[in-house]
Amino acid sequence: MSNLKKTDPQVYNLIKEEEKRVSDTLEMIPSNNFQSKAVLEALGSIYNYKYSEGYPKKRYYQGQKFADDVEILAQERAKKLFGVPYVNVQPYSGSPANSAIYFALLEPKDKIMGLSLAFGGHLTHGSPVSFSGKYFTIIPYKLDVRGIIDYDEVERLAIVEKPKIIICGATAYPRIIDFKRFGEIADKVGAYLLADISHIAGLIVAEVHPSPVSYADIIMTTTHKTLRGPRGAMIMVTEKGLKKDPELGIKIDKAVFPGLQGGPHDNQTAAIAVALKEASIASFKTYGQQIVKNAKVLAEELTKYGLNLISGGTDNHLLLIDLTNKKVNGAVAALALEIAGIIVNKNAVPEDLLPPFYPSGIRLGTPAITTRGMKEREMIKIAQWMNEVINEISNENFPKDREQRKEFWKKFKQEIVANKKLLKISEEVKKLCLKFPLS
Ligand code: DSN
């Protein structure tokens with residue numbers, strides 16, 4: 001980055017600091033992942049300068065020969081990798097992609113069903129604080145007492161409410177999603193089935209999670225999570241979707257552009273094409289398998305330490321942990337873990353009585369540390385460190401009263417940064433990280 005260093009040493013230094021922070025810590029937020037240098041090179045390429053409103057061969061500006069070629073390449077690779085007949089690779093990210101799907105298929109106030117945010121769904125699946133909950137009528141479904149999607153309740157609600165779209169897919173759900181059952185329910189009530197596979201796209205490609213292709217009408221995925229591409233998203237239409245509505249692909253295209261977006265980010269499209277090529281080679285399958293193996297070992301080890309995993313474990317890349325039995329608040333735990341070099345996020349747990357900013361749990365996952373090459377042995381060590389951190393802060397008696405909570409949080413933040421035990425763990429974490437450099 002010699003040019004950047006010369007032009008803007010301030011930003012250069014910030015990037016270097018971030019690089020160091022990332023390389024010395026365990027990135028365990030399940031939606032984060034590291035991309036290959038090839039993907040990043042495409043992202044920082046000449047394509048970044050360009051405006052290409054429209055679609056290949058139907059653009060509004062001249063000079064599009066190679067913008068067309070790269071977009072077609074990304075489309076063809078996506079179609080082949082996921083086994084779908086139609087794809088739009090232009091959405092800037094997951095939320096705009098979901099907005100485009102709703103814009104294509106719904107009128108204001110139409111009904112959509114999605115997993116409640118409080119139970120692991122996404123903001124754009126109908127949370128009242130998002131546009132999706134404001135402009136549409138939301139029928140949220142939940143998990144059962146075991147922490148598994150309550151499919152019978154989904155069916156009952158769908159029959160009563162007759163939503164136009166049923167969304168399956170989540171951001172904090174550690175179990176296999178039964179796409180077949182969702183497909184049957186959607187068919188029964190004549191709804192479109194939208195599978196939001198953003199978190200698990202890479203697992204689907206690696207065949208460690210079933211694919212929704214035979215059951216969903218539309219599939220949306222971000223490209224930067226387990227798929228290891230640049231930030232971005234794709235909307236796919238299945239054979240089933242096209243059979244239901246032959247115009248579905250065209251409607252999606254029109255909703256993305258000119259409906260909601262302007263020019264596509266051609267550099268992002270080029271990087272998506274690269275990521276799709278990388279995901280189609282055999283080693284990606286091994287990578288996906290290892291993500292799940294690592295998550296399972298982590299789950300077993302943490303359970304041995306008495307941590308309460310929602311649904312009792314994991315089938316995929318993530319774990320959701322309720323810390324109530326350890327008398328630790330999720331925000332407190334996430335901060336303490338960060339001081340120890342383990343990066344997770346605070347997260348609400350099902351039926352959480354605490355507010356989202358101070359929820360009862362944490363969410364963590366294995367995609368990024370698996371990209372660094374870590375395996376089962378490292379998971380055992382990480383679980384041990386996590387247990388030590390949680391024990392160090394348990395019984396902190398997080399106040400229920402708002403004002404007292406503010407005071408507690410302020411004092412905790414000041415003190416925890418100097419906690420000797422956590423700092424010692426962070427040194428051990430760093431040593432481990434050195435053995436698994438970011439490539
Ligand atoms: N923010 C993402 C996640 O962390 O799961 C979802 O958009």
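Only heavy atoms go into these numbers, but all of them, side chains included; no hydrogens, no water, no symmetry mates.
Once rounded to the nearest 0.5 Å, the distance linking CD1 of Ile416 with CD1 of Ile339 reads 6.5 Å. In this structure, the separation between CG on Asn33 and OG1 on Thr370 is 8.5 Å, given to the nearest 0.5 Å. From Ile165, atom CD1 reaches atom CG of Asn98 across 9.0 Å, with rounding to the nearest 0.5 Å. In this structure, OH in Tyr55 is found 9.0 Å from CD in Gln75, a value given to the nearest 0.5 Å. With rounding to the nearest 0.5 Å, the separation of NE2 in His209 from CG in Asn316 is 6.5 Å. The line from CD1 of Ile272 to CZ of Arg231 is 12.0 Å long, rounded to the nearest 0.5 Å.
When all heavy atoms are compared, the tightest approach of Gly120 to Leu115 is C-CD2, 3.7 Å. Minimum interatomic distance between Gln35 and Arg228 (heavy atoms only, all atoms of both residues): CG-O, 3.6 Å. The minimum heavy-atom distance between Ile362 and Ala333, with the atom names listed, is CG2-CB, 4.2 Å. Across Gly121 and Thr171, no two heavy atoms sit closer than the pair O-OG1, 3.2 Å. Between Tyr92 and Gly262, the shortest heavy-atom contact is OH-N, 3.3 Å. In plain terms, the two heavy atoms of Thr238 and Ile219 that are nearest each other are CG2-CD1, 3.8 Å.
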Practice prompt. Assess whether side chain to side chain contact (heavy atoms under 4.5 Å, CB included) is satisfied between Glu41 and Val274, documenting all intermediate values.
Written response: CA-CA 10 Å; Glu41 279 170 16; Val274 177; over 6 Å; no

Practice prompt. For the pair Ile382 and Leu298, evaluate side chain to side chain contact (heavy atoms under 4.5 Å, CB included) and give the outcome as yes or no after the intermediate values.
Written response: CA-CA 8 Å; Ile382 293 169; Leu298 201 55; 4.2 Å; yes

Discussion item. Does Phe119 form a ring-ring contact (aromatic ring centres under 6.0 Å, His included) with Tyr141? I'd like the steps, not just the answer.
Written reply: CA-CA 8 Å; Phe119 287 77; Tyr141 58 86; 9.7 Å; no

Discussion item. Between Met113 and Val154, does the side chain to side chain contact (heavy atoms under 4.5 Å, CB included) criterion hold? Intermediate values first, please.
Written reply: CA-CA 9 Å; Met113 257 179 83; Val154 173; 3.8 Å; yes

Practice prompt. Could you please spell out the steps behind the side-chain hydrogen bond (donor to acceptor under 3.5 Å, both in side chains) verdict for His122 and Asp196?
Written response: CA-CA 9 Å; His122 190 254; Asp196 181 340; 5.2 Å; no

Worksheet item: Taking it one step at a time, do Ile159 and Ile185 satisfy side chain to side chain contact (heavy atoms under 4.5 Å, CB included)?
Response: CA-CA 8 Å; Ile159 291 169; Ile185 296 170; over 6 Å; no

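Residues Lys277 and Ser280 have side chains that never bring a donor and an acceptor to within less than 3.5 angstrom of each other. Under the 3.5 Å distance criterion, with hydrogens and angles disregarded, no donor-acceptor pair is assigned to the side chains of Gln90 and Gln268. For the residue pair Ser95 and Ser93, no side-chain donor N or O sits within less than 3.5 Å of a side-chain acceptor on the partner. Side-chain contact of Tyr86 with Asp253: a donor-acceptor pair under 3.5 Å is present, judged by distance alone. At a cut-off of 3.5 Å, with distance as the only test, a side-chain donor of Thr371 or Tyr287 sits close to an acceptor on the other residue. Looking at Asp322 and Ser360, their side chains never bring a donor and an acceptor atom within 3.5 Å of each other.
The backbone N or O of Thr222 sits less than 3.5 Å from a side-chain atom of Ser198, completing a donor-acceptor pair. In this structure, the side chain of Lys285 does not engage the main chain of Val205 through any donor-acceptor pair within 3.5 Å. A donor-acceptor distance shorter than 3.5 angstrom exists from the side chain of Asn294 to the backbone of Met374, with no hydrogens or angles considered. Put simply, the side chain of Tyr192 never gets that close to the backbone of Ile167: no donor and acceptor are under 3.5 Å apart. In this structure a side-chain-to-backbone donor-acceptor pair under 3.5 Å is present from Thr226 to His199. A side-chain donor-acceptor contact under 3.5 Å links Asn329 to the backbone of Tyr358. Proximity of a side-chain donor or acceptor of Tyr102 to a complementary backbone N or O of Ala97 within less than 3.5 Å is not detected. Between the side chain of Lys162 and the backbone N or O of Ala191 there is no donor-acceptor pair closer than 3.5 Å. In this structure, Arg363 contributes its side chain and Ile29 its backbone to no donor-acceptor pair below 3.5 Å. Between the side chain of Ser132 and the backbone N or O of Gly126, at least one donor-acceptor pair lies under 3.5 Å.
Taking the side chain as every heavy atom from C-beta outward, Thr124 and Phe131 approach each other to under 4.5 Å. Using a 4.5 Å heavy-atom cutoff, the side chains of Ser211 and Ile204 are in contact. Proximity of Thr221 to Met236: side-chain heavy atoms (C-beta onward) are separated by under 4.5 Å at one or more points. Put simply, the side chain of Lys326 reaches to within 4.5 Å of the side chain of Asn391, judged on heavy atoms. Residues Lys296 and Val292 meet the side-chain proximity criterion, which asks for heavy atoms closer than 4.5 Å. Using a 4.5 Å heavy-atom cutoff, the side chains of Glu301 and Met379 are not in contact. The shortest side-chain heavy-atom distance between Ile112 and Lys164 does not fall under the 4.5 Å cut-off. Inter-residue side-chain proximity for Glu378 and Thr366 is flagged as unmet; no heavy-atom pair is nearer than 4.5 Å.
With salt bridges taken as basic N to acidic carboxylate O contacts below 4.0 Å, one links Asp187 and Lys240. Electrostatic pairing of Glu76 and Lys79 counts as a salt bridge here, judged by a charged N lying under 4.0 Å from a carboxylate O. At a threshold of 4.0 Å, the pair Lys431-Glu428 does not count as salt-bridged, since none of the basic side-chain nitrogens sits closer than that to a carboxylate oxygen. Between Arg405 and Asp401, none of the side-chain N atoms (NZ, or NE/NH1/NH2) sits under 4.0 Å from a carboxylate O, so this pair counts as no salt bridge. Using a 4.0 Å cut-off between charged nitrogen and carboxylate oxygen, Lys243 and Asp217 do not count as a salt-bridge pair. Residues Glu153 and Lys142 are not paired through a salt bridge, judged by the lack of any N-O separation under 4.0 Å between the basic side chain and the carboxylate. Electrostatic pairing of Glu17 and Arg21 does not count as a salt bridge here, judged by no charged N lying under 4.0 Å from a carboxylate O. Between Arg146 and Asp144 there is a salt bridge, with a side-chain nitrogen of the basic residue lying less than 4.0 Å from a carboxylate oxygen of the acidic one. Using a cutoff of 4.0 Å between basic side-chain nitrogens and carboxylate oxygens, Glu184 and Lys180 are scored as salt-bridged.
A ring-centre distance under 6.0 Å is not found for Phe182 and Phe179.
In the displayed structure, Tyr135 atom OH is contacted under 6.0 Å by at most 12 heavy atoms of other residues, nucleotides or ligands. The neighbour count for Leu353 CG, taken as heavy atoms of other residues, nucleotides or ligands under 6.0 Å away, does not exceed 12. Around atom CZ of Phe357, no more than 12 heavy atoms belonging to other residues, nucleotides or ligands sit under 6.0 Å away. For Lys244, the NZ atom is densely surrounded, since the number of other residues' heavy atoms within 6.0 Å is greater than 12.
Cation-pi geometry between Lys327 and Phe398 is not met at under 6.0 angstrom from the ring centre and within 45 degrees of the axis.
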